[in-house]
Trainee: 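The following block contains the structure, expressed as structure tokens.
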2 protein chains.
Amino acid sequence: MSNHSDAANKKVCVLLVDDDHDVLGANARYLRLNDLTVVVADQAGTAIERLRADPVDIVVTDLRMPDCDGIEFARQVREITPLLPIVFFSGFATVPEIVEAMKLGAVDFLEKPVEPDHLLGKIRSVSASFRSAIALQRQALDISDTTVPLRKRVRAYEKYVIESCLLQHNGRISCVLETLDINRRTLNEKMNRLGIVRNPV
Amino acid sequence: MSNHSDAANKKVCVLLVDDDHDVLGANARYLRLNDLTVVVADQAGTAIERLRADPVDIVVTDLRMPDCDGIEFARQVREITPLLPIVFFSGFATVPEIVEAMKLGAVDFLEKPVEPDHLLGKIRSVSASFRSAIALQRQALDISDTTVPLRKRVRAYEKYVIESCLLQHNGRISCVLETLDINRRTLNEKMNRLGIVRNPV
DNA sequence: GCGATGTAGGCAATTTATTGCCTATAATCG
DNA sequence: CGATTATAGGCAATAAATTGCCTACATCGC
């Protein structure tokens with residue numbers, strides 16, 4: 001679908017999550033008309049599956065979902081892809097929810113109802129300007145108040161470092177070995193353990 | 001006094017901005033009792049003056065102020081000190097306000113009324129993470145040129161997480177154990193390995 | 001003083017991670 | 001085609017981290 005190998009004419013691929021089927025359908029249609037690839041899901045579980053199945057460039061999700069709250073969903077997304085930009089929208093959001101979402105690296109927070117056109121603009125600007133140092137920094141440095149095992153945090157951090165490094169060197173393992181000053185066998189083991197997928201260069 | 005190390009001796013300096021004099025006074029008193037230096041201001045203009053006059057380590061401000069809104073204030077702060085951590089609090093904040101505040105680099109957003117104790121914990125954790133943030137940033141996020149071993153990065157990150165957590169819970173080991181979901185012996189070992197000093201509570 | 005609480009650390013068993021050696025599999029080049 | 005390069009992974013030795021058990025020490029309230 002969204003083949004990452006050809007940067008020039010690659011379509012931006014959006015994972016759109018909303019439990020309201022009408023809104024979901026309408027937005028998806030509008031985005032597709034505007035030359036985006038759209039993967040839809042009407043709940044968090046499905047969205048995570050889709051995410052595992054197919055790499056996307058940005059996640060746009062409702063904060064309120066029937067099967068799982070958006071913050072928890074964002075955490076799961078972060079475990080799979082620590083770098084993926086997430087845009088939230090919601091009709092009723094509390095202050096801690098918004099703050100937590102932003103800390104989890106949300107790039108924006110829209111209020112319902114979301115204008116399709118506004119959404120499109122947001123997606124375009126985000127996918128264009130993503131990879132701001134601040135976003136990465138926040139994500140890596142954030143310490144939340146909640147109970148998150150140190151083990152888990154360290155794993156997430158390690159994954160993030162390795163993935164960033166991979167991205168930076170276009171998936172060239174030998175460069176990562178050198179940059180991170182690490183034994184090849186160790187890197188292999190870590191990537192397996194952390195579930196880092198090797199995308200073909 | 002004499003039982004503190006050099007690093008611990010340096011008091012954290014807080015710029016506290018609130019137009020409610022009673023709350024301002026009460027919070028300032030509480031923070032001072034807990035060994036922080038507090039500079040107060042009851043409006044944005046004065047706060048900016050204070051900021052220019054005297055370097056502070058963290059700004060804690062109301063979002064609503066008589067002479068200027070908090071977002072505009074944060075912009076002015078950013079012009080003077082682009083990296084200074086800002087914590088907002090407010091009773092009525094809109095979604096765009098919170099999002100904008102977080103984008104301007106707010107490190108947190110508290111809801112009024114703010115518990116003095118909660119505020120203290122927040123300030124300590126923020127100033128701690130900020131202190132190590134620069135070092136960590138160099139090691140962890142400056143992926144580009146230098147070869148920084150993954151090992152070293154992970155160590156720095158672990159140290160940073162533990163230290164922040166310690167500060168956030170005012171040095172109470174048992175809380176850290178719970179928050180980080182870690183065995184006591186393991187934490188002890190890690191702290192020794194990473195050279196984390198236990199400052200007396 | 002005495003017991004309760006919170007903490008540190010020695011020791012040793014166990015688990016987990018690292019890594020060298022060797023082989024295998026693609027892909028690419030000449 | 002064969003040689004070269006880049007990579008993955010099995011196996012096993014070794015190194016390091018985790019953690020339970022036990023002891024010790026300080027502090028605090030009674």
Trainee: Mind checking what makes salt bridge (Lys or Arg N to Asp or Glu O under 4.0 Å) contact with B/Arg184, not counting sequence neighbours?
Mentor: none
Trainee: Can you pull every protein N or O that's under 3.5 Å from an N or O on nucleotides 20-25 of chain D?
Mentor:
from, atom 1, to, atom 2, distance (Å)
D/dG20, OP2, B/Asn183, ND2, 2.7
D/dG20, O6, B/Arg185, NE, 3.4

Trainee: For the side chain of B/Asn192, counting heavy atoms from C-beta on, which of D/dG9, D/dT18, C/dG9 is nearest?
Mentor: C/dG9
Trainee: Tell me, please, which residues at least two apart from B/Phe109 pass ring-ring contact (aromatic ring centres under 6.0 Å, His included).
Mentor: B/Phe88
Trainee: Grab the CZ-C1' distance between A/Arg172 and C/dT28 for me, whole Å please.
Mentor: 13 Å
Trainee: Does B/Asn188 make a side-chain N or O approach to OP1 or OP2 of C/dG9 shorter than 4.0 Å?
Mentor: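 Checking C/dG9 against B/Asn188, no side-chain N or O comes under 4.0 Å of OP1 or OP2.
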Trainee: For A/Ile173 and D/dG9, give me the distance from atom CD1 to atom P, rounded to whole Å.
Mentor: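 Computing the A/Ile173:CD1 to D/dG9:P distance gives 10 Å.
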Trainee: For the pair made of CD in B/Glu189 and C1' in C/dT15, what is the distance, rounded to whole Å?
Mentor: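 Checked: the CD to C1' distance equals 15 Å.
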Trainee: Please state whether the phosphate of C/dT19, meaning OP1 or OP2, lies under 4.0 angstrom from any side-chain nitrogen or oxygen of A/Thr186.
Mentor: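 Checking A/Thr186 against C/dT19: at least one side-chain N or O falls below 4.0 Å of OP1 or OP2.
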Trainee: Take atom CG of A/Asp181 and atom C1' of C/dT18, then tell me their distance rounded to the nearest Å.
Mentor: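 Distance check: A/Asp181 CG to C/dT18 C1' gives 14 Å.
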Trainee: Scan residues 12-26 of chain B for pairs that pass side-chain hydrogen bond (donor to acceptor under 3.5 Å, both in side chains), counting only residues two or more places apart or in two chains.
Mentor: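 Only B/His21-B/Asp42 qualify under side-chain hydrogen bond (donor to acceptor under 3.5 Å, both in side chains).
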Trainee: When rounded to the nearest 0.5 angstrom, what distance separates CG in A/Leu119 from OH in A/Tyr30?
Mentor: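 Separation between the atoms: 9.5 Å.
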Trainee: What integer distance in Å separates B/Arg151:CZ from D/dA16:P?
Mentor: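 It is 8 Å, rounded to the nearest whole Å.
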Trainee: State whether A/Arg155 places a side-chain N or O below 4.0 Å from either non-bridging phosphate oxygen (OP1 or OP2) of C/dT16.
Mentor: no
Trainee: Expressed in angstrom and rounded to an integer, what is the separation of A/Met191 atom CE from C/dT19 atom P?
Mentor: 16 Å
Trainee: In whole Å, I'd like the distance from the CG atom of A/Leu180 to the C1' atom of C/dT18.
Mentor: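 Interatomic distance, CG of A/Leu180 to C1' of C/dT18: 16 Å.
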Trainee: Measure from the side chain of B/Ser174, starting at C-beta and using heavy atoms only, and say which of C/dT7, D/dA17, D/dG9 lies closest.
Mentor: C/dT7
Trainee: Using a 6.0 Å cut-off, check whether atom CZ of B/Arg29 has over 12 heavy atoms from anything other than its own residue.
Mentor: no
Trainee: Just jot down the side-chain contact (heavy atoms from CB on, under 4.5 Å) partners of B/Arg151, sequence neighbours excluded, or say none.
Mentor: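 Per chain and number, B/Arg151 pairs via side-chain contact (heavy atoms from CB on, under 4.5 Å) with B/Arg155.
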Trainee: Where the side chain of B/Lys190 is defined as all heavy atoms beyond and including C-beta, which of D/dT7, D/dT18, D/dA8 is the nearest nucleotide?
Mentor: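 The answer is D/dT18.
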Trainee: How close or far is atom C1' of D/dT19 from atom CG of B/Leu187, stated in whole angstroms?
Mentor: 13 Å
Trainee: Once side-chain contact (heavy atoms from CB on, under 4.5 Å) is applied, do any residues pair with B/Asn192, and if so which ones, sequence neighbours excluded?
Mentor: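 Scan of B/Asn192 (side-chain contact (heavy atoms from CB on, under 4.5 Å), adjacent residues dropped) gives B/Arg198.
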